[in-house]
Amino acid sequence: MRARGRWLAGLLACSLGAVRAQTTLTETPVQYSTWGPASDAALAAHWGLTAEDVQRYHHYMAVEGQYFYRHLDPVMVLGLIETDPAQRTRYAEKYLETERRRIEAQIRFATLAATVQFQRFGLEKWVDFSTLRGARARSGDLATRARPDAGGNGAFSPVAPAPGATRPRAARPTAPGALAASPPRAPVQPQAGDTVDVLVEPDCGAACYQKLAELLNIPKVRIRVYGRHFKDTPAFIAWLEQRPGDAATRAADAKRLEPRRFDPLLFRGVSTLKAPVALWRRQGVLLSPF
């Protein structure tokens, strides 16, 4: 009996503790961060909300939002749960104004940081990240690898900039032909895993097709084809698929061709040469033009 009495007393204590915890949870303001909650007046003033907005935000976060929207600001949360079109538009306008102001502040600070970087360290050596071991396109057919919406590597889309669009700033100036005028080197002996970067253009025609055929005859060599001055991605893919030969051979060879957008950093010093231009690389190191 004594043991049973202790067991009942413990059960009663646990029940009272649970009730007390539940009461405390509902009566204590919900804290969404480690630095403590802001007052209702501060929230309303900062986000441009009414007292009713703030109360609705607190209530929703307490009953559901804390499990899904803890990381979102009050204006976005209110906009997501609002059903009245006019009120939802009001929240959308407030969110857009705040987001634009925040982005402008980030850009201003990034610009300042870049200025300080240049003042302290000056021009530093460029790094060609596309030659690193991890910068590799996934396998697949030409169109898939060129289209980001199909799961390909969109960073290598060969689409040329639209007329009037601002082109990305090229690498630091290098004298035209500087790479081509370098001392002659011994002929490159192809090895498995080598990479050839090939620059092609819409009007190079037979010469570019011949260069690709020559490279395709070398087994176990990765061929990255950079399209320049093509109207769009489909035009570049169509150009590649018009290579001479039967359909079966073209389909088999297409698995080794990786279409990419023209990169002035990769072709600095030789970008003014007439296409095709082919650069042979081994483990990211440029061996020689091919």
Side-chain angles (χ1 to χ4, degrees), residues 14-122 124 127 129-130 134-135 138 147-157 159 161-169 232-233 261:
C14 291
S15 300
L16 291 175
V19 171
R20 177 178 177 81
Q22 183 178 7
T23 303
T24 303
L25 177 62
T26 56
E27 294 178 354
T28 303
V30 178
Q31 297 188 13
Y32 305 124
S33 62
T34 57
W35 51 81
S39 66
D40 289 358
L43 277 177
H46 181 82
W47 296 99
L49 301 173
T50 65
E52 291 76 12
D53 291 334
V54 173
Q55 290 303 315
R56 186 184 184 195
Y57 167 72
H58 281 315
H59 175 73
Y60 176 75
M61 292 300 295
V63 298
E64 179 177 340
Q66 61 177 310
Y67 304 108
F68 305 100
Y69 300 145
R70 185 185 295 265
H71 62 292
L72 300 182
D73 63 73
V75 176
M76 176 172 278
V77 171
L78 291 170
L80 291 174
I81 64 176
E82 183 58 65
T83 57
D84 179 73
Q87 286 283 40
R88 203 175 200 194
T89 300
R90 181 173 71 92
Y91 292 133
E93 292 173 348
K94 288 183 177 296
Y95 176 81
L96 179 60
E97 293 173 359
T98 304
E99 186 69 9
R100 288 177 63 87
R101 184 172 63 251
R102 187 161 41 239
I103 292 175
E104 289 174 357
Q106 293 172 2
I107 293 175
R108 287 196 300 268
F109 183 76
T111 302
L112 176 60
T115 302
V116 174
Q117 154 78 16
F118 178 77
Q119 292 173 345
R120 292 192 177 186
F121 304 104
E124 295 185 301
V127 177
F129 292 99
S130 65
R138 293 184 292 180
R147 285 169 44 221
D149 59 340
N153 195 333
F156 303 126
S157 171
V159 177
T166 302
R167 291 178 178 270
R169 182 174 297 179
D232 51 25
T233 301
R261 180 183 57 194

Inset, instruction - Decide side chain to side chain contact (heavy atoms under 4.5 Å, CB included) for Trp47 and Val54; before the verdict, give the C-alpha distance in whole Å, the side-chain angles of both, and the deciding distance to 0.1 Å. - result: CA-CA 10 Å; Trp47 296 99; Val54 173; over 6 Å; no
Closest non-hydrogen atom pair between [X] and [Y], with its separation:
X: Asp73; Y: Met76; value: OD1-N, 2.9 Å
X: Pro74; Y: Leu49; value: CB-CD1, 4.0 Å
X: Arg88; Y: Leu80; value: NH2-O, 3.7 Å
X: Tyr95; Y: Val75; value: N-CG1, 3.7 Å

Check whether any side-chain heavy atom of [X] lies under 4.5 Å from a side-chain heavy atom of [Y], and answer yes or no.
X: Ile81; Y: Arg56; value: yes
X: Gln87; Y: Arg90; value: yes
X: Leu43; Y: His58; value: yes

Spacing of [atom1] belonging to [X] relative to [atom2] belonging to [Y], to within rounding of 0.5 Å:
X: Leu78; Y: Glu52; atom1: CG; atom2: CD; value: 12.0 Å
X: Glu104; Y: Gln106; atom1: CD; atom2: CD; value: 10.5 Å
X: Leu96; Y: Arg101; atom1: CG; atom2: CZ; value: 10.5 Å

Inset, instruction - Spell out, as yes or no, whether a donor-acceptor pair under 3.5 Å connects the side chain of Gln66 to the backbone of Ala62. - result: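 Yes: the side chain of Gln66 pairs with the backbone of Ala62.
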Legend entry - Pairing of Glu97 and Lys94 as salt bridge, 4.0 angstrom limit: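 Salt bridge flag = no for Lys94 with Glu97.
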Inset, instruction - Verify whether one side chain among Tyr91 and Asp53 offers a donor that lies under 3.5 Å from an acceptor in the other. - result: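 Result is yes, a qualifying pair exists.
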